[in-house]
Amino acid sequence: QVSLLESGGGLVQAWGSLRLSCAGSGRAFVRYALGWFRQAPGKEREFVAAVSWSRANTYYADSVKGRSTISIDDGMNMVYLQMNSLKPEDTAVYYCAADSAIPTTASYTYWGQGTQVTVSS
């Protein structure tokens, strides 16, 4: 069992940056694919970024590619999402997730509660 807790969301102006953090407790992260997803009001939850269980591969949605970086600290059971050049359309609740056979889909076993990111224009 893994519990996930996101932090680092908030209100930021367009073109600003945020670093989201996700702390895991319970079983070690090291065996799991890890991902970030987001859900805007009235929209489906969508993939943002992920890293494979081997840590050899990272994946990004086209909408954030070049502006975001996912990073892992397995020793601390932490996963981060650095987001730069934020746009109003990045406004959403951001969720971290652990344990999936297909990291770019929402087929994760464990989910956090989410952290709100609001980007003002």
Side-chain angles (χ1 to χ4, degrees):
Q1 187 74 18
V2 174
S3 296
L4 302 171
L5 182 64
E6 303 93 337
S7 61
L11 175 64
V12 62
Q13 289 189 329
W15 300 106
S17 297
L18 277 178
R19 188 195 196 204
L20 304 183
S21 300
C22 177
S25 60
R27 300 184 68 178
F29 270 1
V30 68
R31 294 180 179 272
Y32 297 139
L34 299 167
W36 286 95
F37 290 74
R38 67 187 182 186
Q39 188 166 17
K43 295 189 176 182
E44 299 283 322
R45 188 170 297 189
E46 65 175 2
F47 167 74
V48 176
V51 60
S52 63
W53 70 268
S54 68
R55 307 297 182 250
N57 299 296
T58 55
Y59 311 91
Y60 295 94
D62 288 343
S63 58
V64 304
K65 195 174 294 182
R67 301 189 294 122
S68 297
T69 303
I70 186 170
S71 58
I72 311 294
D73 184 338
D74 280 314
M76 297 295 291
N77 261 23
M78 295 290 297
V79 56
Y80 305 97
L81 183 67
Q82 176 69 43
M83 299 189 295
N84 302 318
S85 302
L86 283 161
K87 306 175 183 179
E89 51 263 44
D90 293 317
T91 295
V93 177
Y94 283 71
Y95 300 88
C96 70
D99 189 17
S100 172
I102 308 174
T104 58
T105 69
S107 59
Y108 283 79
T109 303
Y110 306 107
W111 291 86
Q113 295 296 309
T115 185
Q116 175 71 46
V117 172
T118 303
V119 184
S120 63
S121 58

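Using a 4.5 Å heavy-atom cutoff, the side chains of V117 and L18 are in contact. A heavy-atom distance below 4.5 Å is found between the side chains of V79 and W36.
The shortest heavy-atom contact between M78 and S21 is CE-CB, 3.9 Å. Closest approach of S100 to A33, counting heavy atoms only: O-CB, 3.6 Å. The two atoms that bring S68 and M83 nearest to each other are OG-CG, 3.7 Å, heavy atoms only. Closest approach of V12 and L86 over heavy atoms only: CG1-CD1, 3.5 Å. Heavy-atom minimum distance, F37 versus P103: CZ-O, 4.2 Å. The minimum heavy-atom distance linking L81 with Y94 is given by the pair CD2-CD2, 4.2 Å.
Rounded to the nearest 0.5 Å, atoms CZ (R38) and OG1 (T115) are 14.0 Å apart. Note: L4 CG to N77 CG = 9.0 Å, rounded to the nearest 0.5 Å. With rounding to the nearest 0.5 angstrom, the CZ atom of R55 is 11.0 Å from the OG atom of S71. Rounded to the nearest 0.5 angstrom, T104 OG1 and N57 CG are separated by 11.0 Å. Between the OG atom in S7 and the CD atom in Q113 there is a gap of 13.5 Å [rounded to 0.5 Å]. Atoms SG and CD, on C22 and E6 in that order, are 5.0 Å from each other to the nearest 0.5 Å.
For the side chain to side chain contact (heavy atoms under 4.5 Å, CB included) criterion with Y32, the lone passing option out of Y110, W53, Y108 is Y110.
Centroid-to-centroid, the aromatic rings of Y59 and F47 stay 6.0 Å apart or farther.
Listed by first and then second residue, the side chain to side chain donor-acceptor pair (under 3.5 Å) pairs that reach into residues 79-88 are S17-N84, Q82-N84, sequence neighbours excluded.
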Exercise for the section: Check step by step if side chain to side chain contact (heavy atoms under 4.5 Å, CB included) holds for Y60 and I70. Expected result: CA-CA 9 Å; Y60 295 94; I70 186 170; 3.4 Å; yes

Exercise for the section: I would like to know whether R19 and T69 meet side chain to side chain contact (heavy atoms under 4.5 Å, CB included); could you show each step before the answer? Expected result: CA-CA 9 Å; R19 188 195 196 204; T69 303; over 6 Å; no

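Within a 6.0 Å radius of CD1 in I102, other residues, nucleotides and ligands contribute 12 heavy atoms or fewer. Remark: R31 CZ is loosely packed, at most 12 non-hydrogen atoms of other residues, nucleotides or ligands lying under 6.0 Å away.
In terms of hydrophobic clustering, with Ile, Leu, Val, Met, Phe, Trp and Tyr side chains grouped at heavy-atom distances under 4.5 Å, Y95 and L34 are assigned to different clusters.
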